Chemist: 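Before I ask anything, let me first share the structure, which is written out below as structure tokens.
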Amino acid sequence: MKKMSLIAACAAGLLFNGAAWATEAVESPETTVDVEMLTLLKNNACLNCHDISVQEKSKQGDSAASLPFGPPYLLVAQRYAGNEAAFEELVYTVLHGSNPYGKHWKEEAAGIAMPPMVTVSEEHVRTMLTWILKLDEASAQAAQAAVNAQPK
């Protein structure tokens, strides 16, 4: 694990108390973890299917069973970087669900259609997508380390 991720994970771990996440940012020398955003993602069940950064595949091999349900948010940010129309398309996908026959995340996600997120407000969807689309490798790794440090 990189030093930055370890520092962010340790700092985040000190702020978390099992059931509730702190609402202030966790700072390391190289990046800041937006704990309020992680709370929003967790509370809306986004982290049940999505990782933030790309995780090591399981020992099961490269089968679909070893892939996350949804694509990691870092890959979403990378795929849609510079695509102005993508934001509204992603808002629609989150609110209404994804095409169960679409294979645009083949070999990067399990291929299970995303259900409509009917309990998530459009305002929260827009807030989360704004954050997701700004992710870079360092911020994604730091955020993932903070999530991994959170007790299950």
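This is a predicted model, so every value here is computed, not measured. Quick note: numbers below take in every heavy atom, side chains included, and nothing from hydrogens, waters or symmetry partners.
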Chemist: Per the ring-ring contact (aromatic ring centres under 6.0 Å, His included) rule, what does the pair list look like for residues 33-55, sequence neighbours excluded?
Modeler: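 Sorted result for residues 33-55: His50-Tyr73.
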Chemist: My understanding is that only residues two or more places apart in sequence, or in another chain, count here; which of them pass ring-ring contact (aromatic ring centres under 6.0 Å, His included) with Tyr92?
Modeler: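 Scan of Tyr92 (ring-ring contact (aromatic ring centres under 6.0 Å, His included), adjacent residues dropped) gives His96.
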Chemist: If every non-hydrogen atom of Leu135 is compared with every non-hydrogen atom of Ala77, which pair is closest and at what distance?
Modeler: O-CB, 3.7 Å
Chemist: Excluding sequence neighbours, so at least two apart, what forms side-chain contact (heavy atoms from CB on, under 4.5 Å) with Thr93?
Modeler: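 side-chain contact (heavy atoms from CB on, under 4.5 Å) check on Thr93 returns Ser98.
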Chemist: Transitive ILVMFWY cluster of Phe69 at side-chain heavy atoms under 4.5 Å: who else is in it?
Modeler: Ile112
Chemist: First locate atom CD of Gln55, then atom CG of Asn148, and finally report the distance between them rounded to the nearest 0.5 Å.
Modeler: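 Rounded to the nearest 0.5 Å, the CD-CG separation comes to 5.5 Å.
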Chemist: Enumerate the salt bridge (charged side-chain N to carboxylate O under 4.0 Å, His left out) contacts for residues 138-151, please, sequence neighbours excluded, ordered by first and then second residue.
Modeler: none
Chemist: Using 0.5 Å steps for rounding, measure from the CG atom of Leu38 to the CE atom of Met128.
Modeler: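 So the gap between those two atoms works out to 12.0 Å.
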Chemist: Supply the atom-to-atom distance Leu41 CG to Glu36 CD, rounded to the nearest 0.5 angstrom.
Modeler: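 Reported to 0.5 Å precision, the distance equals 11.0 Å.
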Chemist: Mind jotting down which residue pairs meet the salt bridge (charged side-chain N to carboxylate O under 4.0 Å, His left out) criterion with at least one end in residues 70-80? Sequence neighbours excluded, please.
Modeler: Arg79-Glu108
Chemist: Give a yes or no answer on whether the side chain of Asn44 reaches the backbone of Cys46 with a donor-acceptor pair at less than 3.5 Å.
Modeler: no
Chemist: Less than 4.5 Å apart, side chain to side chain, heavy atoms only: is that true for Leu90 and Leu133?
Modeler: yes
Chemist: Holding to side-chain contact (heavy atoms from CB on, under 4.5 Å), I want the full list of residues that pass it with Val54, two or more places apart in sequence or in another chain.
Modeler: Pro72, Leu75
Chemist: What residues form a salt bridge (charged side-chain N to carboxylate O under 4.0 Å, His left out) with Glu123, not counting sequence neighbours?
Modeler: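 With sequence neighbours excluded, Glu123 shows a salt bridge (charged side-chain N to carboxylate O under 4.0 Å, His left out) to no residue whatsoever.
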Chemist: List for me each residue that meets side-chain contact (heavy atoms from CB on, under 4.5 Å) alongside Asn83, sequence neighbours excluded, and say none if there are none.
Modeler: Tyr80, Ala85, Ala86
Chemist: Any side-chain heavy atom of Thr127 within less than 4.5 Å of one from Trp131?
Modeler: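 A side-chain contact is absent here, since even the closest heavy-atom pair is not under 4.5 Å.
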Chemist: Between Met37 and Ile132, does the side chain to side chain contact (heavy atoms under 4.5 Å, CB included) criterion hold? Intermediate values first, please.
Modeler: CA-CA 10 Å; Met37 186 56 57; Ile132 289 166; over 6 Å; no
Chemist: Can you tell if the side chain of His124 reaches within under 4.5 Å of the side chain of Leu40, non-hydrogen atoms only?
Modeler: yes
Chemist: Is there side-chain contact between Ile52 and Leu74, with at least one heavy-atom pair below 4.5 Å?
Modeler: no
Chemist: Glu89: what forms a salt bridge (charged side-chain N to carboxylate O under 4.0 Å, His left out) with it, not counting sequence neighbours?
Modeler: none
Chemist: On a heavy-atom basis, which atom in Pro116 and which in Leu95 lie closest, and how many Å separate them?
Modeler: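 Scanning both residues, the minimum pair turns out to be CB-O, 3.5 Å.
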Chemist: Are the side chains of Asp136 and Gln78 in touch, meaning some heavy atoms are under 4.5 Å apart?
Modeler: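 Asp136 does not reach Gln78 side chain to side chain.
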Chemist: Quick one: list whatever passes salt bridge (charged side-chain N to carboxylate O under 4.0 Å, His left out) with Arg126, sequence neighbours left out.
Modeler: Glu88, Glu122
Chemist: Under the 3.5 angstrom rule, does the side chain of Asp51 hit a backbone N or O of Ser53 as a donor-acceptor pair?
Modeler: no
